Amino acid sequence: MQYNPFSLEDKTILVTGASSGIGQSTAVECSKMGAKVIITARNPDRLQETFEMLHGIGHQQIVADLSNEVDIVNLVDRLPKLDGCVNNVGIVMTKPLPFYKREDVDRMFNTNTFSIVFIVQQLVKKKVLNRNSSIVITTSAGGVFGNTPGNGIYDMTKSALHSFMQTAALELAHKGIRCNSVNPAMVNTRMAEPSGSISEEQIQLDKKRYPLCRYGEPKDIALAIIYLLSDASSWVTGTALKIDGGRNLVR
Amino acid sequence: MEIKEFISNFAEQFDDLDASILSPETEFKALDDWNSLVALSVIAMIDEEYDVTLKGNDITGSNTIQDLYNTVCERM
Ligand SMILES: NC(=O)c1ccc[n+]([C@@H]2O[C@H](COP(=O)([O-])OP(=O)(O)OC[C@H]3O[C@@H](n4cnc5c(N)ncnc54)[C@H](OP(=O)(O)O)[C@@H]3O)[C@@H](O)[C@H]2O)c1
């Protein structure tokens with residue numbers, strides 16, 4: 001017999017932002033741990049790519065734009081009963097304060113924060129989550145354990161999620177539902193590519209500030225999410241799990 | 001667009017930098033007050049004023065203000 005306290009056998013798990021990066025890796029790792037996975041994102045081709053990477057059978061994919069409330073309601077209406085939900089959707093924007101525009105802030109909060117608040121709201125209202133299920137939110141080390149100049153809007157969206165995570169943990173505990181977050185520093189995904197306003201040179205310099213000498217890989221985060229989804233973390237709720245290669249120990 | 005106007009917009013991204021010390025030949029990354037937040041501000045200013053989206057690598061690839069100005073003109 002195989003002893004595995006992190007098994008996700010017989011669990012059904014929703015993963016948002018699953019077409020790429022951390023969400024893709026999480027969906028794949030969940031399927032390897034025995035879960036039935038429902039994946040969602042906007043881009044059908046990339047979502048299909050993730051779908052083909054899943055192990056085992058019985059998985060499902062649903063295209064949805066979670067910055068939009070109608071899509072959230074339709075998504076939740078199509079879901080079977082869940083034992084876990086990984087809220088991983090998110091985008092980044094780098095802009096110093098004097099250049100903020102109302103529409104930037106609205107778009108960032110709609111995609112990063114309100115999407116997740118209202119998915120959880122719908123899941124609870126419609127009683128989609130089984131007793132003993134686990135909600136995981138991908139927030140960020142930025143906005144929770146430290147802020148970065150130029151990242152203010154992003155950091156605000158994540159710090160609001162941090163607060164929401166704790167409220168959900170408190171309000172859902174009596175239903176046996178846990179809620180926790182993973183808080184990564186820089187992870188090698190599309191989001192961290194030097195295509196944006198951060199240059200390759202700056203990225204190389206930044207990596208030197210990590211005691212473990214590298215950025216994270218999507219799987220580093222996915223395996224922490226597995227822990228929070230599994231019964232191994234049965235007594236853990238309201239926790240923000242920092243996963244940062246030691247970055248926030250350094251000033 | 002005139003390079004003079006570009007230089008004055010560029011200077012505004014620093015806390016207090018006298019625009020008159022800047023010229024097209026200035027190697028801007030060697031300026032005392034240059035840092036990563038100023039770099040982001042320059043990118044945001046160029047986006048707002050000239051509707052050109054530069055990348056971080058465009059900044060790394062430019063030495064003088066003239067280089068940066070040329071990149072912006074090419075993409076306008
Ligand atoms: N990479 C890092 O350094 C880092 C650090 C800390 C936290 N995080 C967080 O980790 C999470 C995953 O990011 P990642 O690094 O894996 O980036 P990524 O590769 O860009 O993945 C983001 C995912 O979100 C989906 N998405 C974006 N907007 C959406 C929308 N409106 N509706 C539905 N899906 C949407 C994307 O799919 P489509 O484009 O197909 O919709 C994609 O699957 C994010 O919440 C991010 O803030 C990342």
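Excluded from the calculations below are hydrogen atoms, water molecules and symmetry mates; all remaining heavy atoms, backbone and side chain alike, are included. Every chain is numbered from 1 and lettered A, B, ... according to where its sequence line falls, protein lines coming before strand lines. This one's a predicted model, so the numbers in the text were calculated from it and none came from an experiment.
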>> A quick test of your reading: do over 12 heavy atoms of other residues, nucleotides or ligands sit less than 6.0 Å from NZ of A:Lys207?
In response: yes

>> If you compare all heavy atoms of A:Phe99 against all heavy atoms of B:Gln13, which two are closest, and at what distance to 0.1 Å?
In response: CZ-OE1, 3.3 Å

> Non-hydrogen atoms of chain A under 4.5 Å away: do they reach the side chain of B:Glu12, the backbone, both or neither?
Replying inline: neither

> Out of B:Val42, B:Leu37, B:Val38, B:Ile43, which residue meets the side chain to side chain contact (heavy atoms under 4.5 Å, CB included) rule with A:Pro96?
Replying inline: B:Leu37

> Looking at CG of B:Leu40 and NZ of A:Lys95, how far apart are the two atoms once the value is rounded to the nearest 0.5 Å?
Replying inline: 11.5 Å

> Of the backbone (N, CA, C, O) and the side chain (C-beta and beyond), which part of B:Ile59 lies under 4.5 Å from a heavy atom of chain A, both, or neither?
Replying inline: neither

>> Around atom CG of B:Asp15, are there more than 12 heavy atoms from other residues, nucleotides or ligands closer than 6.0 Å?
In response: no

>> Please report the interatomic distance NZ(B:Lys55) to CD(A:Glu200), rounded to the nearest 0.5 Å.
In response: 13.5 Å

>> Within a 6.0 Å radius of atom CD on A:Gln121, are there more than 12 heavy atoms belonging to other residues, nucleotides or ligands?
In response: yes

